[in-house]
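This report refers to the structure that appears directly beneath it.
Below, chains carry the letters A, B, ... as their sequence lines are ordered, and counting in each starts from 1.
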Amino acid sequence: MQTHHAKRVVITIEAIMQKRLTDTLEGAGVTGYSILPVLGGSGRSGAWSREGQISRASGMVQVVCIIREERLDGLLEAAFEVVDKHIGVVTITDVEVLRAERF
Amino acid sequence: MQTHHAKRVVITIEAIMQKRLTDTLEGAGVTGYSILPVLGGSGRSGAWSREGQISRASGMVQVVCIIREERLDGLLEAAFEVVDKHIGVVTITDVEVLRAERF
Amino acid sequence: MQTHHAKRVVITIEAIMQKRLTDTLEGAGVTGYSILPVLGGSGRSGAWSREGQISRASGMVQVVCIIREERLDGLLEAAFEVVDKHIGVVTITDVEVLRAERF
Amino acid sequence: MADILDLAATNLLSPVILSFVLGLAAALGRSDLSVPEAAAKALSIYLLFAIGFKGGAAVAANGLDGTLVATLVAGFVLSAILPFIAFLLLQVLTNLSRVDAAAVAGHYGSISIVTFVAASSVLEGRAISSEGYMVAVAAVMEAPAILSALWLVSTGGSGRRMDSELMREILLNGSIVLLVGSFFIGAITGDDGLEAISSFIVAPFTGVLCLFLLDMGLVAGRGLRESRGVLNMGAVAFGIAMPIIGSFIGLGAALIVGLSPGGVALLMVLSASASYIAVPAAMRVALPEANPSVYLTLSLGVTFPFNLTIGIPLYVAVSQAVTGG
Amino acid sequence: MADILDLAATNLLSPVILSFVLGLAAALGRSDLSVPEAAAKALSIYLLFAIGFKGGAAVAANGLDGTLVATLVAGFVLSAILPFIAFLLLQVLTNLSRVDAAAVAGHYGSISIVTFVAASSVLEGRAISSEGYMVAVAAVMEAPAILSALWLVSTGGSGRRMDSELMREILLNGSIVLLVGSFFIGAITGDDGLEAISSFIVAPFTGVLCLFLLDMGLVAGRGLRESRGVLNMGAVAFGIAMPIIGSFIGLGAALIVGLSPGGVALLMVLSASASYIAVPAAMRVALPEANPSVYLTLSLGVTFPFNLTIGIPLYVAVSQAVTGG
Amino acid sequence: MADILDLAATNLLSPVILSFVLGLAAALGRSDLSVPEAAAKALSIYLLFAIGFKGGAAVAANGLDGTLVATLVAGFVLSAILPFIAFLLLQVLTNLSRVDAAAVAGHYGSISIVTFVAASSVLEGRAISSEGYMVAVAAVMEAPAILSALWLVSTGGSGRRMDSELMREILLNGSIVLLVGSFFIGAITGDDGLEAISSFIVAPFTGVLCLFLLDMGLVAGRGLRESRGVLNMGAVAFGIAMPIIGSFIGLGAALIVGLSPGGVALLMVLSASASYIAVPAAMRVALPEANPSVYLTLSLGVTFPFNLTIGIPLYVAVSQAVTGG
Ligand SMILES: Nc1ncnc2c1ncn2[C@@H]1O[C@H](COP(=O)(O)O)[C@@H](O)[C@H]1O
Ligand SMILES: Nc1ncnc2c1ncn2[C@@H]1O[C@H](COP(=O)(O)O)[C@@H](O)[C@H]1O
Ligand SMILES: Nc1ncnc2c1ncn2[C@@H]1O[C@H](COP(=O)(O)O)[C@@H](O)[C@H]1O
Ligand code: NA
Ligand code: NA
Ligand code: NA
């Protein structure tokens, strides 16, 4: 089937920053994203797990955006602004998408 | 270690269509997939979040298939049939897999 | 923006083996990973769904590691040791990451 | 009239309704208050189980009178016919597309079990008894409206929408199965069964209903906030006129069948209420091109709060007046 | 005999069992009814806490008699020995591989706490009292069977399976810790403690058990549906014969120890029941090559429903007959 | 003194505290016992709703005395001032960075609603009544401390941290909205409302609190285990000294305002307790460079258990002694 090049950006970030991030992304013209839950993890600031949390401050989520290549830089800059001082990982992968008319 | 080329297809689709999609995939010879929850998102039809839903109709999930390249087209056609009229995003990525004997 | 090459390893494994896997990964020098829930799936051992489980034995999770290419083999060998006899899928993708100083 | 106002005031100032209002206000004020999805689902399982069981136990206690079958038939017919009336009214009041109008119409033929539960608890608070089998009538009224809605679309020329898989899903959806199943458990175990579990399903019932309606308020409020601008004045007018019209048609049916004052009120409530669980799910499958914001906002954001606050006391008062109950 | 039938009928027509049947029927009929994972886990936490606490409070009220230690030892031995009997029976009745048979055998030496809870509530309903410390016996019986199962495999030549980490996980698994912990809380706080929280752990208990068994029915039904064809007649025969055999061995042990009629019934139930939480988890780690469908379907799809419906009244009646209680 | 010891012993051996201890022990022993996130959140919604409602109903029953406004003001001032005292004490006892110290200080000005709930239930158990509006005081004390903490940082030169969005989030966070909202529902519906739902919010309250504190023990234990080495002796000393100091400042304020003995105890508890929900969330947004392990471990791993076990009976005894209540 006919597919189209695009980029898949995954931003792992504290749940409490999610709204700020997606608002910023929308400001930067991103029109679609999905939020995935993260159950736990480990990084420079140690290990954590959602079951051991009592506070909405401590969980993390993944914000996944499928985006045309030409809009990638705008997205990354917007995201970086939010992620900068906060813990979080940003990755970019090449993907093919069906139905590019949707992006 | 020895790895093998394959494709990773991610289909983001309404939870209520999940069973129809996986049945169709199985019909098209797909032997393995995983279902990931999606907490919320935004797209052409606006923003939503799982916490604001009362209905099994409104959540979304990701169906992830690792599949040999030669079976990709069959999968995409089968998936497209289900996804076509429904909201949903389909992406394809190149991956390497361990233990290809399993596919 | 400046990005860096890395590998994204996704290991889909039984929830009950998660701690053993991440301990092994840490032993192999992996410093960061995230755990994602899997709601259900299908494979050689049939279909399952988290809602039909009563036992912590039966759910699965995805362990996602972003890792420098040069450390990939160490990770895969460590992971393979745990995954070997157990059901589970291991995939590797090329990614670009922001803030590589973190890896 | 004074009676209606009095009833409305008592209703409005009950913990149940105020909890709903609290949820609504919190969501409109963009508080991050939220009830976890799993907890909300657990609450609804509790409510369905309790209301079904109590209905069944009531039937076991009072026996079945001859009106059971007639009422079930009445419910079926109401559910099948109300969508056509709703569809006509929508064409007068709004400029929704045929598909959107049919989808909305389907919601108004079907029922909202929470509205039914809230009405039952109002009746209980006023010691008005009703036929225990009304929960079975509620179950019967869930599905027929969906078929009517699909029929409305297909006459517009869009071909077959219903397959046997969807039919099975609708008829065996979790709420119906749980409601009917617990109704039978209540009917089989009767008073003994009720006594064994009444400190679980009777005593804390109203309190659980408060928390559930808190969540419903949050959901309705968030829905309203997110779909601002989706509904124009005509649509909102429909969301308030339709339940009143429906309740009067239900009243007619109830009088023909010859229900008790409480039963009359409940059939009015069922006819007046609009689905926001079973029907939306079916519509996503069968009519994916219909806009969910329209039917969810109308049903959950307009009609549900209307029925909860003003509708229920109104229907109860009317049924009291008409039956002299 | 008439007594057994009567007891079985009362049991079968209780809300608790009918809720299980409802869940089973809903799953077999492929309804989408489901209890969220988090809610099911919350219900099981409630049940473990309540049953442990009540056992402890009963010990505080009645004091410990000399049979405590003997019963704990009996439980330990039963759990360790029953797998060998189960293994032999499996080799006669089925053609499972050595590993699969050992894994299944481990499940039948260990216990199902929900079966224990259901039996306790039957005893309570018939006002038959039992030793409060039976919950501690239940805890003791969880683990030894796992070691026996692994020993059965390793004599077949597959090397070491057990490491200290797994051992720790088995002994400190959540159910055991909660059961034993709340037992001690009940024993320490005694009647005062029980009074403080009895409207939480006593009054609504049976009702909560209904919802929990509804979920168990759903899970068992889905398991049966998905693993159709996994079990042949021999395996099913094992799933029914083994609990009966186990219960009689438990009966012997209980008589030697000298338990009360209620205690005898509970030790029979523990011996008859098969694990579907702790043991499957351990088996996934230690025997990943054993097929989970086999042991889960047998334990949860065959033996659990059998015990719940027929087994428990049978064991209670036998214990009444034998002890003259 | 004998009184304090007696009270402490009664408190320590209550099901509520022992449940906390069980959770703590299970987590420290690395059991896999855990309460699902959704269930824990549901429990906290229940507790907030119940405590708020009961407070409101108490106000409706007893009327408002003149001290309401004075107490609210006192709460506000305490919350704003305590962080400065905490900050000074931290600089004496620890070598935390300015940002970390400010973040910790903010936690100790704000409050822990669970500590408040536990104290209320101790008062109830001893039949000491208190002002119903103390829950409103608790709500008022949540936020001001956050501003003080940010001010402490910004005088250190790090620029603006607070935006209107964060302000809104803090003031409308779920706990505050639910607590205040249910307070008003209780105040509006009064005794009638309380009667309608008391078998939900009064009778099972202590039992639910047990399960909630079981989870809190698990969380605190896991926190302690994972952050071993994060706190030195000085920090631990702070975690115990600060609540005592805070309680005495609260005592002073309560005496000035003229509260009842129960009210005095509760204001001491509020002043002594440290936040672990609202403030951590705000700090992750406004001070991401502060180390969460430090403030969470101190607040949840040191001060919370201290208050729960020793602090509450101490504060109650002191308030009884001072007010002669
Ligand atoms: N290399 C990595 N691969 C995958 N996830 C990571 C990685 N590093 C960090 N994370 C995730 O990001 C969270 C915060 O990381 P950190 O800021 O390094 O503490 C961790 O708890 C993980 O969930
Ligand atoms: N570009 C995108 N990247 C990631 N997820 C998307 C994207 N577009 C849509 N989605 C997901 O698909 C859902 C439906 O999209 P839509 O059909 O555009 O309303 C959204 O709510 C998102 O969860
Ligand atoms: N090809 C695949 N693509 C995605 N997930 C898979 C695939 N094969 C297996 N899985 C996942 O791994 C689990 C166990 O697979 P298996 O060992 O084949 O039974 C399945 O239930 C799926 O969740
Ligand atoms: Na209707
Ligand atoms: Na057994
Ligand atoms: Na404080």
Side-chain angles (χ1 to χ4, degrees), chain D residues 9-47 50 118 121-122 124-127 198-215 217-218 221-222 225, chain F residues 35-50 52-54 56-57 60 164-166 168-205 207-208 277-278 281-282 285:
Chain D
T10 319
N11 183 47
L12 282 175
L13 296 184
S14 70
V16 169
I17 302 301
L18 290 174
S19 298
F20 178 79
V21 172
L22 173 58
L24 204 66
L28 292 176
R30 294 199 291 134
S31 165
D32 70 347
L33 180 59
S34 72
V35 176
E37 197 196 355
K41 218 181 149 198
L43 291 177
S44 81
I45 288 173
Y46 169 88
L47 293 177
S121 111
V122 167
E124 229 166 76
R126 298 180 76 88
S198 77
S199 36
F200 179 63
I201 65 169
V202 178
F205 188 82
T206 312
V208 177
L209 188 56
C210 286
L211 286 196
F212 189 76
L213 283 177
L214 175 73
D215 181 52
L218 288 167
R222 259 185 246 129
R225 196 150 50 80
Chain F
V35 176
E37 196 194 357
K41 218 180 151 199
L43 291 177
S44 82
I45 288 173
Y46 170 86
L47 294 176
L48 288 167
F49 180 78
F53 194 102
K54 286 189 276 189
S164 67
E165 177 62 15
L166 177 57
R168 200 190 53 71
E169 274 178 23
I170 294 171
L171 293 177
L172 289 186
N173 88 61
S175 317
I176 296 191
V177 168
L178 184 51
L179 195 64
V180 173
S182 53
F183 175 82
F184 277 111
I185 298 179
I188 294 170
T189 62
D191 265 357
D192 288 354
L194 188 60
E195 208 199 294
I197 64 173
S198 76
S199 36
F200 179 62
I201 66 170
V202 177
F205 188 82
V208 177
I277 301 186
V285 175

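- Heavy atoms of other residues, nucleotides or ligands lying less than 6.0 angstrom from CD of E165(F) number more than 12.
- Proximity to chain D (any heavy atom under 4.5 Å) is shown, for F184(F), by neither the backbone nor the side chain.
- Taking each heavy atom of A38(F) and A38(D) in turn, the nearest pair found is CB-CB, 3.9 Å.
- Using a 4.5 Å cut-off between heavy atoms, L214(D) touches chain F through its side chain atoms alone.
- Separating the CG atom in L43(D) from the CD1 atom in I45(F) is a distance of 9.0 Å, to the nearest 0.5 Å.
- Taking both residues in full, the closest heavy atoms of S31(D) and L172(F) are given as OG-O, 2.6 Å, listed atom of the first, atom of the second, then distance.
- By number of non-hydrogen pairs under 4.5 angstrom with chain D, the leading residue of I201(F), D192(F), L194(F), L178(F) is L178(F).
- Checking side-chain atoms of T206(D) against main-chain N and O of I197(F) turns up no donor-acceptor pair under 3.5 Å.
- What you find for T189(F) and L13(D) is that their closest heavy atoms are CG2-O, 2.9 Å.
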Donor-acceptor pairs under 3.5 angstrom involving side-chain atoms of residues 14-24 of chain D: please list them, not counting sequence neighbours.
residue : atom : partner : partner atom : Å
S14(D)  : OG   : N11(D)  : O            : 2.8
S14(D)  : OG   : I17(D)  : N            : 3.4
S19(D)  : OG   : P15(D)  : O            : 2.7

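- Considering only residues two or more places apart in sequence or on other chains, F200(D) meets the ring pair (Phe, Tyr, Trp, His ring centres under 6.0 Å) condition with Y46(D).
- Comparing S175(F), A42(F), G181(F) by how many heavy-atom pairs each has under 4.5 Å with chain D, the most go to G181(F).
- Looking at R168(F), its side chain does come within 3.5 Å of a backbone N or O of R30(D) through a donor-acceptor pair.
- With a 4.5 angstrom heavy-atom cutoff, S34(D) touches chain F via backbone and side-chain atoms both.
- To the nearest 0.5 Å, atom CD1 of residue I170(F) and atom CG of residue D32(D) are 11.0 Å apart.
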